[in-house]
2 protein chains.
Amino acid sequence: MSETLDERSWSVLSATVNGYIRMAVPVGSRVVNRLFGLSYSPATIRNVMADLEEEGYLTHPHTSAGRIPTAKGFRYFVDNSSFSMQEALPESASLSSFLDVILDESSPLDLLEVLSSVMNLVARMTNYTAIVLEPGTRNEERLLSFELIPVGERHLLAILVTDAGAVYKRTVLLPEGFRTKEIVFLGDALNASSRNVHLSKIREKLFDEMELLGEAYRETLQQLFFHNRMPEMKLFRTSRFAEMPEFSDASVLHAVMEVFEEKIALLEIFEDLVRQGGVSVQIGSENPIPGLKPCTLVSVPLLNGSVWLGSVGLVGPVRMQYDQVIPVMQYLSVRLNHWIQKTLPSQSPSTT
Amino acid sequence: MSETLDERSWSVLSATVNGYIRMAVPVGSRVVNRLFGLSYSPATIRNVMADLEEEGYLTHPHTSAGRIPTAKGFRYFVDNSSFSMQEALPESASLSSFLDVILDESSPLDLLEVLSSVMNLVARMTNYTAIVLEPGTRNEERLLSFELIPVGERHLLAILVTDAGAVYKRTVLLPEGFRTKEIVFLGDALNASSRNVHLSKIREKLFDEMELLGEAYRETLQQLFFHNRMPEMKLFRTSRFAEMPEFSDASVLHAVMEVFEEKIALLEIFEDLVRQGGVSVQIGSENPIPGLKPCTLVSVPLLNGSVWLGSVGLVGPVRMQYDQVIPVMQYLSVRLNHWIQKTLPSQSPSTT
DNA sequence: TTTTAGCACTCTGACATATTGAGTGCTAAC
DNA sequence: GTTAGCACTCAATATGTCAGAGTGCTAAAA
């Protein structure tokens with residue numbers, strides 16, 4: 001799709017990108033020549049850079065400044081570099097052994113918790129902001145268990161477990177004169193009859209049966225059975241942004257922080273990236289959120305078969321250490337998805 | 001304890017504090033005279049200000065600048081002002097009706113969720129950062145229900161409900177050759193025998209009984225019964241700090257953000273403030289966290305009898321709109337604690 | 001005795017101006 | 001095709017000036 005650069009242009013581009021990533025300052029021909037040991041003189045490099053600028057890979061903040069890679073430049077760099085785990089991250093061994101421990105099948109299983117502790121470590125290792133996302137209610141889930149537990153005099157706690165390992169809970173006040181026994185009985189019946197049935201099916205069935213009941217019953221039943229779990233998103237080390245030079249402008253920083261706080265926009269991005277699978281890299285304005293324009297988002301969806309269970313991601317400045325981040329995320333993608341497939345009950349579409 | 005200011009000093013101090021809160025800039029004698037309609041001339045006010053400075057209520061950034069209140073000045077101001085809800089916050093009516101809806105006893109009950117939606121609104125109304133804290137496992141809790149639910153082939157989901165409305169859950173892999181039935185039976189027995197008993201008592205009892213069992217059993221039982229819930233802390237609108245002039249210095253902002261991220265330090269503060277009860281105001285360096293020195297924390301513990309269920313708080317710059325924040329938090333203290341006492345099962349210390 | 005007016009003084013912040021240096025683009029030589 | 005040399009540009013820094021806000025002090029007024 002995109003044209004290919006010749007050997008010399010590529011070496012100049014990649015040196016420029018690497019230099020900018022390392023120093024956060026426009027890099028000039030001299031630096032590229034000296035620090036990266038290119039065998040061309042600064043003058044030649046200047047010529048190449050001028051060409052690269054014309055083709056849209058580099059820019060110029062002002063006449064007498066060095067070059068800065070554009071989004072296109074970063075994109076080309078990312079697409080044409082081959083990153084490898086071993087040389088990238090000195091702590092890669094410790095990440096691997098950490099995963100060995102935490103993904104041990106004998107340890108307690110809670111997706112959000114596992115992902116959180118993993119990404120907490122990754123955030124610390126890479127020095128970028130990590131994201132863990134667990135989407136909200138998904139109708140593809142199947143019921144594993146439904147329990148009603150009386151709490152105090154007039155409350156009932158409903159607990160609903162699905163095959164995705166999700167636990168939904170909700171406490172409901174029973175209206176005056178409500179017969180607790182009846183509803184508990186109904187719950188038991190549901191538990192027995194609807195095991196392994198998709199949640200959406202159960203809802204349909206319940207709606208049909210509820211036609212016969214009175215208003216008060218209906219209301220309470222709705223509350224007990226139809227919980228929606230909100231999507232859950234956790235962020236680690238967002239404070240890093242306050243240290244980075246490209247966010248020294250308070251308004252830029254504020255914009256990013258607001259994106260992190262609202263979460264809805266991020267959720268949508270992750271949703272979109274699920275179908276893509278594998279490691280996605282969105283550089284700068286490649287993502288649709290305005291406040292996130294100065295950032296790059298590297299993300300990985302987690303799937304059990306075709307069911308989306310969650311996503312993990314890393315956010316940093318466009319000037320990100322791609323050579324570290326991408327191998328780490330590739331590695332995580334493999335390990336985590338493997339673990340999910342091995343540990344969670346598989347979801348064959350047979351009983352749909 | 002602290003000396004009392006005469007009428008005139010007080011009016012100058014309070015005008016200075018109010019002016020500084022409003023404008024975030026050192027206030028001079030002229031401003032105090034004009035904008036606050038004091039009947040003294042700027043010269044007199046200067047004299048008073050010089051006195052107040054000597055006594056430690058005000059400072060001077062440099063010779064020809066206006067005055068800034070010290071922490072002591074703010075403290076005196078807060079202690080000696082009488083704030084009232086109605087005039088303070090124009091949206092107070094909407095807060096009140098929001099609470100009417102969300103604290104309706106017929107709506108589903110989940111402390112963390114309720115507090116979160118309330119403080120989310122409060123953060124938006126006051127334009128400060130709001131905190132909601134639910135402490136971790138508390139041994140004062142009593143068991144309401146214990147359920148074991150088989151998940152898939154070899155997993156067991158343990159769900160433990162306490163009278164504080166807390167739900168603990170944990171999924172455990174059963175070792176090879178483990179007799180599921182036996183352990184479910186054990187769970188049922190516990191459920192029947194230990195209802196309304198304090199968690200700590202149950203643990204002791206279980207420890208005693210476990211002496212008789214083999215290693216594999218012990219391990220699994222531990223995992224099933226002894227969950228610890230981590231403290232849960234939620235923050236709303238932390239991004240506000242990026243907009244405030246006193247945090248335009250990136251390192252100051254970063255320090256605050258790190259405090260918000262680590263959470264442990266904040267947790268300790270909230271723990272300390274529980275015994276104090278009611279609305280606590282910690283101005284500037286009155287709190288022990290270095291990074292939070294330029295901030296004021298206003299907090300309220302939530303108690304069911306003598307049991308600490310959670311806390312809510314607001315964090316802003318020392319230059320905070322105390323006349324808004326304090327009445328709001330007082331109001332919240334009353335409404336939320338009242339709701340908790342009415343809604344949650346009361347905890348009499350009889351079965352201790 | 002308390003309050004106020006007046007005045008000299010100080011310091012910041014804004015603005016204008018010079019200076020430096022990094023880096024470019026171009027041309028001519030290798 | 002590559003490189004050395006040179007004139008040029010522009011940001012960043014330093015220096016200097018000036019206005020304005022605000023103080024502290026003293027002496028007069030209440």
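Because only heavy atoms are used, hydrogens play no part in the values below, and waters and symmetry mates are left out as well, while side chains stay in. Treat the numbers as computed from the prediction; the structure is a model and nothing was measured.
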I need the B:L292 CG to B:E286 CD distance, nearest 0.5 Å. 12.0 Å

Within residues 6-32 of chain B, residues whose heavy atoms come under 4.0 Å of DNA chain C: B:R8

Round to the nearest Å and state the distance from B:E53 atom CD to D:dT23 atom P. 10 Å

Please report the distance, rounded to the nearest Å, between CG in B:N47 and C1' in D:dT23. 11 Å

A:A43 side chain: which of C:dC11, D:dA4, D:dT23 is closest? D:dA4

NE2 of A:H62 versus P of C:dG23: gap in Å, rounded? 10 Å

Phosphate contact (C:dG25 OP1 or OP2) by A:R67 side-chain N/O below 4.0 Å: yes

Main-chain N/O of B:N120 paired with B:K234 side-chain donor or acceptor, under 3.5 Å: no

Does a side-chain N or O from B:S41 land closer than 4.0 Å to OP1 or OP2 of C:dT4, or not? yes

Separation of D:dT3 C1' from A:M49 CE (nearest whole Å): 17 Å

Atom CZ of A:R46 and atom P of C:dA22: how far apart are they, to the nearest Å? 14 Å

Going by the angle between their ring planes, with limits at 30° and 60°, are A:Y76 and A:Y57 parallel, tilted or perpendicular? perpendicular

Euclidean distance, atom CG of residue B:L35 to atom P of D:dG22 [Å, nearest integer]: 11 Å

Mind checking B:A65 for me? I need base, sugar-phosphate or nothing, with any heavy atom below 4.0 Å counting as a touch. sugar-phosphate

Side-chain donor/acceptor contact of A:T63 with base of D:dC10 under 3.5 Å: no

Is B:E258 paired with A:R237 through a side-chain N to carboxylate O contact shorter than 4.0 Å? yes

Side chain to side chain contact (heavy atoms under 4.5 Å, CB included) partner of A:V279, the single match among A:V325, A:V298, A:V328: A:V298

Which class fits the ring pair B:F74 and B:Y20: parallel under 30°, tilted 30 to 60°, perpendicular over 60°? tilted

CG of A:D51 versus P of D:dT2: gap in Å, rounded? 11 Å

Under 6.0 Å from the NZ atom of B:K293, do we count more than 12 heavy atoms belonging to anything else shown? no

What is the distance from CD1 of A:I68 to P of D:dA11, rounded to the nearest Å? 13 Å

Looking only at side-chain N and O atoms, does B:S64 come under 4.0 Å of OP1 or OP2 in D:dT23? no

